[in-house]
*Asks:* 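Supplied in structure tokens, the structure appears directly below.
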Amino acid sequence: MLDIKFLKDNIETVTERLATRGTVPDLSFIKSLDEKRRALLGSVESLKQKRNTVSQEVGRLKKEGKDASSIMTDMQGVSAEIKALDAELAECDGALKTFLLELPNLPHDSVPTGRSEVDNVEVRAWGKPKEFGFVPKEHTEIATALGILDFDAASKLSGARFSLLKGAGALLERSLINFMLTIHTTEHGYIEVLPPFMVKESACLGTGQLPKFGEDLFKIEGWDHYLIPTAEVPVTNIHAEEVLSVGNLPIKYTAFTPCFRKEAGSYGKDVKGLIRLHQFNKVELVKFADPAKSYDELESLVSNAEEILKRLKLPYRVVNLCTGDIGFSAAKTYDLEVWLPGQATYREISSCSNFEDFQARRANIRFKPEGGGKNRFVHTLNGSGLAVGRTLVAIVENYQNEDGTITVPEALRPYMNGLEKIQR
RNA sequence: GGAGAGGUGGCCGAGCGGUUGAAGGCAGCUGCCUGCUAAGCAGUUGUAGGGGUGACUCUACCGGGGGUUCGAAUCCCCCCCUCUCCGCCA
């Protein structure tokens with residue numbers, strides 16, 4: 001959510017900057033709506049002041065045993081008027097809030113301007129795609145043949161876009177989770193969190209999934225709860241409605257959770273394999289930062305996620321998403337894209353963003369600045385560290401051998417009971 | 001699921017229809033004092049929003065939302081959460 005004060009004083013700038021994202025909002029009415037609101041507020045507050053003083057007067061008269069019935073009757077009218085104005089004011093506030101909740105974040109100055117993913121800018125690349133002495137296969141083919149992935153069983157149980165891992169496949173997924181969490185907690189200083197996988201509507205409003213993107217969420221029938229689409233939602237909202245002390249910043253959490261997404265509108269995209277599922281595992285990194293330092297924190301968050309790929313020796317590149325491709329709540333996003341030899345392409349495996357105070361304002365997460373003064377909103381950041389299923393895909397494809405086996409990356413072996421090779 | 005108790009300021013805790021933004025205590029801050037010394041005394045300390053260049057001032061906030069009333073932290077209704085006991089259960 002953008003700051004209404006900033007917005008109404010900078011309508012043209014805001015419009016221009018939002019336009020670079022591809023949405024051209026009509027902000028013209030904001031100013032008049034805000035003026036209307038302030039006018040209403042002024043009159044209702046002076047009426048309330050009148051009511052307060054007269055009510056005290058009534059109390060005093062009654063105490064003295066005098067008659068107050070005529071002013072009491074007068075005040076009935078005043079109260080009715082207050083009620084009507086309050087209702088009008090609430091309507092005004094509601095309209096403003098609804099509008100603000102559906103307005104995306106402003107892109108940071110360092111975000112390249114562009115319309116779609118083709119305008120994203122590669123920042124750096126690490127590792128060289130391996131040369132295979134044979135034609136590398138896609139993960140589905142390899143893993144299915146090895147009996148560690150069973151899509152037939154998954155679709156019998158749950159339909160399309162679900163997966164079922166077996167044997168060494170399930171072990172690989174579990175080991176990856178453990179591996180990532182261990183590095184982030186013991187080397188990168190994150191506190192591990194295991195949050196609920198269902199959250200209330202307010203949490204989804206806080207991080208920006210609602211009200212606009214409800215069609216992507218699974219809602220529990222007959223209940224005000226949603227399956228989390230990412231750990232970002234429960235973990236960021238841990239500190240909703242709180243005032244943190246600046247000395248504790250940055251607060252860094254890492255969390256493993258499954259993620260549930262409807263993927264509505266993605267029909268035909270990535271239909272094969274483990275790339276796009278209704279349920280997938282992810283290890284998430286979340287930070288609450290001092291606004292002055294949040295962009296440094298974004299860089300270190302990205303490097304924390306990169307470290308996982310480096311340890312696994314998986315080639316990747318870092319991409320600075322352009323204005324047309326960053327998410328609704330983000331001010332700036334780096335994607336990590338891992339090389340997939342079976343598809344001969346880089347695929348997104350992590351997305352790391354600084355949301356600045358966009359989420360903090362929604363979730364009301366503040367901090368007391370150094371030396372006191374008014375409470376301010378923190379900056380929130382998060383990133384995948386990493387998407388576990390896609391990491392498994394990358395390992396299967398990058399570590400495949402001509403004979404159909406998969407070599408286990410060295411860094412992972414301690415987590416897999418020393419297993420060096422996955423074979424039938 | 002059944003029965004009960006409760007949700008008040010940074011924390012503890014009073015208030016239960018009328019100067020109560022809220023006693024008292026703790027904690028914090030500021031002075032003063034200083035041979036009763038891990039002390040004493042005095043003052044002060046919330047958030048959000050509106051108006052004013054400003055000193056300042058007004059409004060709202062006692063879990064959330066409605067209602068009754070001239071007036072609600074206090075009464076009524078609905079909801080949420082926490083705790084205790086019972087039942088069920090991994």
Side-chain angles (χ1 to χ4, degrees), chain A residues 1-9 30-101 194-206 210-211 219-220 222-226 234 237-249 251 258 357 359-378:
Chain A
M1 193 158 64
L2 300 179
D3 180 11
I4 177 71
K5 275 186 197 152
F6 176 81
L7 206 163
K8 79 178 190 223
D9 293 338
I30 287 286
K31 223 166 184 154
S32 56
L33 190 59
D34 184 69
E35 272 163 24
K36 185 184 170 195
R37 190 187 77 92
R38 290 217 312 278
L40 281 168
L41 200 61
S43 38
V44 83
E45 283 189 355
S46 61
L47 283 175
K48 282 180 179 173
Q49 186 184 358
K50 183 177 176 189
R51 183 176 69 182
N52 286 344
T53 43
V54 173
S55 292
Q56 281 179 15
E57 182 66 21
V58 169
R60 190 162 41 233
L61 288 173
K62 287 205 164 185
K63 205 171 268 176
E64 291 167 9
K66 292 179 182 159
D67 176 56
S69 54
S70 75
I71 29 179
M72 277 165 65
T73 319
D74 287 351
M75 291 322 284
Q76 279 178 14
V78 172
S79 276
E81 207 176 332
I82 287 171
K83 203 169 175 178
L85 285 174
D86 263 341
E88 216 178 317
L89 188 62
E91 204 177 310
C92 216
D93 282 338
L96 259 175
K97 182 145 197 203
T98 303
F99 183 80
L100 286 175
L101 281 174
L194 186 57
F197 302 159
M198 292 181 214
V199 291
K200 296 189 287 186
E201 184 179 33
S202 60
C204 297
L205 282 168
L210 289 177
K219 182 157 202 264
I220 312 293
W223 213 24
D224 178 33
H225 283 238
Y226 296 81
N237 282 287
I238 287 174
H239 294 300
E241 307 295 333
E242 288 183 14
V243 180
L244 308 167
S245 74
V246 72
N248 293 336
L249 300 178
I251 296 172
D357 63 7
Q359 295 180 324
R361 182 170 284 109
R362 291 172 161 247
N364 198 22
I365 309 168
R366 294 169 297 167
F367 72 101
K368 226 170 237 322
E370 210 146 6
K374 231 168 130 61
N375 292 337
R376 296 182 57 201
F377 292 111
V378 298

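Atom set for the values below is all heavy atoms of this structure, side chains included, hydrogens, waters and symmetry mates excluded. Order of the sequence lines fixes the chain letters, A, B, ..., with proteins taken first and strands second; residue numbering starts at 1 for each chain.
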*Asks:* Taking the side chain as every heavy atom from C-beta outward, state whether A:Arg51 and A:Met75 have any atom pair closer than 4.5 Å.
*Replies:* yes
*Asks:* Between C1' on B:A72 and CD on A:Gln56, what's the gap in Å once rounded to a whole number?
*Replies:* 14 Å
*Asks:* Excluding sequence neighbours, so at least two apart, what forms ring-ring contact (aromatic ring centres under 6.0 Å, His included) with A:Phe377?
*Replies:* none
*Asks:* Determine the Euclidean distance between corresponding P atoms of B:A72 and B:C85; express it in Å to zero decimal places.
*Replies:* 39 Å
*Asks:* Please identify each residue that fulfils side chain to side chain contact (heavy atoms under 4.5 Å, CB included) with A:Met1, with sequence neighbours left out.
*Replies:* A:Leu100, A:Leu101, A:Arg361, A:Arg362
*Asks:* Specify the separation, in whole Å, of atom CG of A:Asp67 and atom P of B:C70.
*Replies:* 14 Å
*Asks:* Using the P atom in both, what is the distance from B:C70 to B:U45, to the nearest Å?
*Replies:* 35 Å
*Asks:* Going by ring-ring contact (aromatic ring centres under 6.0 Å, His included), name the residues that satisfy it together with A:His225, two or more places apart in sequence or in a different chain.
*Replies:* A:Trp223
*Asks:* Taking atom P in both B:A39 and B:G7, what distance in whole Å separates the two?
*Replies:* 33 Å
*Asks:* Under the side chain to side chain contact (heavy atoms under 4.5 Å, CB included) test, which residues partner A:Lys31, sequence neighbours left out?
*Replies:* A:Ile11, A:Glu35
*Asks:* Using whole Å, report how far NZ of A:Lys8 lies from C1' of B:G50.
*Replies:* 10 Å
*Asks:* Rounded to the nearest Å, what distance is computed from the CD atom of residue A:Glu201 to the P atom of nucleotide B:C80?
*Replies:* 15 Å
*Asks:* Closer to the 5' end of RNA chain B via nearest nucleotide, is it A:Asn375 or A:Asp34?
*Replies:* A:Asn375
*Asks:* Answer yes or no: is there an ion pair linking A:Asp3 with A:Lys8, defined by an N-O contact shorter than 4.0 Å?
*Replies:* no
*Asks:* Please state whether the phosphate of B:U19, meaning OP1 or OP2, lies under 4.0 angstrom from any side-chain nitrogen or oxygen of A:Arg60.
*Replies:* no
*Asks:* Report yes if a side-chain nitrogen or oxygen of A:Lys374 is closer than 4.0 Å to either non-bridging phosphate oxygen (OP1 or OP2) of B:A48; otherwise report no.
*Replies:* yes
*Asks:* Rounding to an integer number of Å, can you tell me how far A:Arg361 CZ sits from B:A48 C1'?
*Replies:* 14 Å
*Asks:* Under 4.0 Å between any heavy atoms, over every strand shown, what does A:Met75 touch: base, sugar-phosphate, or nothing? Just pick one.
*Replies:* sugar-phosphate
*Asks:* In whole Å, measure the gap between the C1' atoms of B:C29 and B:G10 for me.
*Replies:* 13 Å
*Asks:* Hey, does A:Ile71 reach any base, or is it just sugar-phosphate, or nothing, if we go heavy atoms under 4.0 Å?
*Replies:* nothing
*Asks:* Of the nucleotides B:U47, B:G49, B:C70, which has the atom closest to the A:Arg37 side chain?
*Replies:* B:G49
*Asks:* Does some side-chain heavy atom of A:Asp86 sit less than 4.5 Å from a side-chain heavy atom of A:Leu40?
*Replies:* no
*Asks:* Is any side-chain heavy atom of A:Met198 closer than 4.5 Å to a side-chain heavy atom of A:Ile220?
*Replies:* yes
*Asks:* Taking only residues two or more places apart in sequence or in another chain, which ones pass side chain to side chain contact (heavy atoms under 4.5 Å, CB included) with A:Lys50?
*Replies:* A:Val54, A:Val78
*Asks:* Taking B:U74 as the reference, what is the distance to B:U19 when you measure between their P atoms (whole Å, please)?
*Replies:* 14 Å
*Asks:* For Watson-Crick and G-U wobble pairs within 3.5 Å on both distances, what is RNA chain B written in dot-bracket notation, | included for inter-strand pairing?
*Replies:* ((((((((.[[[..)..(.....]]]((((((.......))))))((((((....)))))).[[[[[..)....]]]]])))))))....
*Asks:* Given atom CZ of A:Arg366 and atom P of B:G46, what is their separation to the nearest angstrom?
*Replies:* 14 Å
*Asks:* In whole Å, what separates the P atom of B:C81 from that of B:C61?
*Replies:* 24 Å
*Asks:* Between B:C89 and B:A5, how many Å separate the two P atoms, rounded to a whole number?
*Replies:* 28 Å
*Asks:* Quick test of your reading: applying side chain to side chain donor-acceptor pair (under 3.5 Å), list the pairs with at least one residue in residues 69-84 of chain A, sequence neighbours left out, ordered by first then second residue.
*Replies:* A:Asp67-A:Ser69
*Asks:* Give me the residues of residues 42-55 of chain A where at least one heavy atom lies under 4.0 Å from an atom of RNA chain B, by number, or none.
*Replies:* A:Glu45, A:Lys48, A:Gln49, A:Arg51, A:Asn52, A:Ser55
*Asks:* Taking only residues two or more places apart in sequence or in another chain, which ones pass side chain to side chain contact (heavy atoms under 4.5 Å, CB included) with A:Glu201?
*Replies:* A:Leu205, A:Leu210, A:Asp224, A:Tyr226
*Asks:* What contact category does A:Lys63 fall into here, base, sugar-phosphate, or nothing, at under 4.0 angstrom with non-hydrogen atoms?
*Replies:* nothing
*Asks:* The criterion is salt bridge (Lys or Arg N to Asp or Glu O under 4.0 Å); which residues satisfy it with A:Asp93, sequence neighbours excluded?
*Replies:* A:Arg37
*Asks:* How close or far is atom P of B:U47 from atom CG of A:Asn364, stated in whole angstroms?
*Replies:* 13 Å
*Asks:* How far does the C1' atom of B:G35 sit from the matching atom of B:G40, given to the nearest Å?
*Replies:* 13 Å
*Asks:* With A:Lys66, which residues qualify under salt bridge (Lys or Arg N to Asp or Glu O under 4.0 Å), at least two apart?
*Replies:* A:Glu64
*Asks:* Using a 4.0 Å cut-off on heavy atoms, which residues in residues 78-99 of chain A reach RNA chain B? List them by number, or say none.
*Replies:* A:Ser79, A:Lys83
*Asks:* Whole Å only: how far is the CD atom of A:Glu57 from the C1' atom of B:C70?
*Replies:* 12 Å
